[in-house]
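So the structure is just underneath, and the comments pick up after that.
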Amino acid sequence: MIKVLTCQSIAAFTLELKFSNGESGVFDAKNYLAEKRGSLLDALRDPSFFQRCFIDAGALCWPNGLELSGQRVFELSKLLETH
């Protein structure tokens, strides 16, 4: 199971992530938030709240209790080329 090791906000609704498999990627949440509904996701539509993300046990989390598994975020991220 892939875990998120670090997250850094690089733009509105966009995070650069490092994963436990050695890969790095960019999670652009704009499309995800446009397609998904739910009370926990509503808070993430505020850019300042979105940037309050943190890592807990390999999952990407927010203060309202929302957690996205490392595997799911990995699947949704555009992987960065490593040289």
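Residues take their numbers from the sequence shown, with the count starting at 1.
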Any idea which heavy atoms bring [X] and [Y] closest together, and the distance?
| X | Y | answer |
| --- | --- | --- |
| A12 | K30 | O-NZ, 3.9 Å |
| Q51 | A11 | NE2-O, 4.5 Å |
| R52 | P63 | NH2-CG, 3.6 Å |

hydrophobic_cluster_shared for [Y] and [X], side chain cutoff 4.5 Å:
| X | Y | value |
| --- | --- | --- |
| L15 | L5 | no |
| L80 | V73 | no |
| I2 | L76 | yes |

Has S77 got a side-chain atom pairing as donor or acceptor with E75's backbone, closer than 3.5 angstrom? no
Are any side-chain N or O atoms of N64 and backbone N or O atoms of L40, one a donor and one an acceptor, separated by less than 3.5 Å?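 Checked: pair present.
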Going from [atom1] on [X] to [atom2] on [Y], what distance comes out if it is rounded to the nearest 0.5 angstrom?
| X | Y | atom1 | atom2 | answer |
| --- | --- | --- | --- | --- |
| D56 | K3 | CG | NZ | 10.5 Å |
| K18 | C7 | NZ | SG | 11.5 Å |
| Q8 | L17 | CD | CG | 10.0 Å |
| K78 | S24 | NZ | OG | 13.5 Å |
| L68 | K36 | CG | NZ | 10.0 Å |
| L79 | E23 | CG | CD | 5.0 Å |

Pairs in or reaching into residues 19-43: which pass ring-ring contact (aromatic ring centres under 6.0 Å, His included), with residues at least two apart or in two chains? F19-F74
Any residue meeting ring-ring contact (aromatic ring centres under 6.0 Å, His included) with F50, in chain and number order, not counting sequence neighbours: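 For F50 the ring-ring contact (aromatic ring centres under 6.0 Å, His included) partners, ignoring immediate neighbours, are F13, W62.
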Answer whether the closest heavy-atom distance between the side chains of T6 and I55 falls below 4.5 Å.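 A side-chain contact under 4.5 Å is absent here.
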Is there a side-chain contact between C61 and L66 in this structure, where contact means two heavy atoms from C-beta onward sitting under 4.5 Å apart?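 No, too far: nothing below the 4.5 Å cut-off.
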Quick one: side chain to side chain donor-acceptor pair (under 3.5 Å) pairs with a partner in residues 40-50, sequence neighbours left out? D42-R45, D46-S48
